[in-house]
Amino acid sequence: MGAPRDRRTPDPRAAPLIRELLRRRAVWIAAGVVAAGALFAVGWTLGSNSLYNAVANPDSTPQHFPGQGTNPLSGFWITFVRTIEYAHGAIGLFGWLDTPAPPEVFFVWAALIGALLIAAVCLLRGRFLVFALALLGAYVLLPPIVQAAYITGGGIIWQGRYALPLLVCLCVGLAVALDHTVTIAPAARWLRRLTLISLVALAAAQFYAFESTLRRYTVGPTGSLKTMLIGSPPWSPPGGVLLWLLLTAALLAVGVWLGVRTSRSLRLEAELPLNRAVDSAV
């Protein structure tokens, strides 16, 4: 079972790990792509003036959304109380926002994210706990603040997918904080089992979400699975539905295999110093 480290002792792995990451070309390429995309998005938003114009000149805005004229405090409260509802959109809400992912998909994601949140609240201490609460606060409060500033002139425009970057930062940040705070025996069987179960559950949920969305576009949400796979649906992707389902299943299987392999490699690396210490003692 994991035990919290002394929060007063800096983690000696942090600085070498950061330096190692900064030496990798792939890290700089990825950072450059993210920065270029962010700059393009900012330029597009400022250039098109689509957001500010609805606030500054609501009468000249061609689109009108529900809630226009509502006061900012109400906009904040409406979005705040719908935080969990909007989270569905960050996980899977497809089509014209008319095709949610199956309930099993939401269950898998809610279980894993919930476990991460509970572990963070129970195990993190000091600055790591403050960091975790700041990430959680950003995910919960930033959407209501944005909607509050926009609702009077532009109405209710918030969608769950808009908060997806915040959700990713929350999950990754909590995982990193827990990794730097909690010590777990590398050979723990429950950890290997947890890794495998989590990867398989995520892969299965991803496949189910893709299949249900593909069904929506081919034969409708309640259409025949037989018609979708081997029949003549009104629409089908190039190569047919079955081909894309098989390709998706193959990619997800490879992802699970790579995740298990990476976990095993990290475990072996962590066990190596322990084995050397035992050999030297003998």
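Just so you know, these numbers use all the heavy atoms, side chains as well, and skip hydrogens, waters and symmetry mates.
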Would you call C171 and L116 a side-chain contact if the rule is heavy atoms closer than 4.5 Å?
yes
Do any N or O atoms from the side chain of D98 and from the backbone of W96 form a donor-acceptor pair under 3.5 angstrom?
yes
Same apolar cluster: L117 and F80, side chain cutoff 4.5 Å
yes
Short question: side chain of T181, backbone of L124 - any donor-acceptor pair under 3.5 Å?
no
Taking all heavy atoms of P72 and all of T152, pick out the closest pair and write down the distance.
CD-OG1, 3.6 Å
How many angstroms lie between OG in S263 and CG in L199, if you round to the nearest 0.5 Å?
8.0 Å
Reported CH2-to-OG1 distance for the pair W257 and T262, which is rounded to 0.5 angstrom:
8.5 Å
Could you check whether any side-chain N or O of Q147 sits under 3.5 Å from a backbone N or O of G155, counting only pairs where one atom can act as donor and the other as acceptor?
yes
What distance separates F106 CZ from I113 CD1, expressed to the nearest 0.5 Å?
11.0 Å
From OG1 (T227) to CZ (R215), nearest 0.5 Å:
10.0 Å
Minimal heavy-atom distance between T218 and W235, with the atoms involved, is CG2-O, 3.2 Å
When you compare the side chain of S236 with that of V241, does any pair of heavy atoms fall below 4.5 Å?
yes
Between L93 and R161, does a side-chain contact (heavy atoms from CB on, under 4.5 Å) hold up when you go through it step by step?
CA-CA 8 Å; L93 189 56; R161 60 193 176 100; over 6 Å; no
Do P143 and L166 have side-chain heavy atoms sitting under 4.5 Å apart?
yes
Evaluation steps, side-chain contact (heavy atoms from CB on, under 4.5 Å), between L22 and W28:
CA-CA 7 Å; L22 293 178; W28 286 100; 4.1 Å; yes
Can you tell if the side chain of Q68 reaches within under 4.5 Å of the side chain of I151, non-hydrogen atoms only?
no
Distance check, rounded to the nearest 0.5 Å: L191 atom CG versus L196 atom CG?
11.5 Å
Let me check something: do L258 and L251 share a hydrophobic cluster, defined by ILVMFWY side-chain heavy atoms less than 4.5 Å apart, either directly or through other members?
no
Y162: ring-ring contact (aromatic ring centres under 6.0 Å, His included) partners, not counting sequence neighbours:
W158
What one should report as the nearest heavy-atom pair of L178 and A120 is CD2-CA, 3.9 Å
Heavy-atom nearest pair, L245 first then F207, reads O-CE1, 3.3 Å
Check step by step if side-chain contact (heavy atoms from CB on, under 4.5 Å) holds for L225 and M228.
CA-CA 5 Å; L225 179 62; M228 182 181 77; 3.4 Å; yes
Which atom of F94 lies closest to which atom of A101, heavy atoms considered:
CE1-CB, 4.1 Å
Taking L194 as the starting point, is it possible to reach L112 by hopping between hydrophobic residues whose side chains are less than 4.5 Å apart?
yes
With a 6.0 Å cut-off (strictly less than), is the heavy-atom count around CD of Q206, excluding the residue itself, greater than 12?
no
I'd like to know if Y208 and L229 are part of one continuous hydrophobic network [Ile/Leu/Val/Met/Phe/Trp/Tyr, side-chain heavy atoms within less than 4.5 Å].
no
Nearest heavy atoms of Y217 and G95, plus distance in Å
OH-CA, 3.4 Å
4.5 Å side-chain heavy-atom contact, L202 and W109
yes
Same hydrophobic cluster for L252 and V254, using side-chain heavy-atom links shorter than 4.5 Å among ILVMFWY?
no
Working to the nearest 0.5 Å, report the span between CG of L135 and CG of L170.
6.0 Å
Side-chain donor or acceptor of S212 paired with backbone N/O of A209 under 3.5 Å
yes
If we ignore hydrogens and angles and just use 3.5 Å, is the side chain of T79 paired with the main-chain N or O of G75 as donor and acceptor?
yes
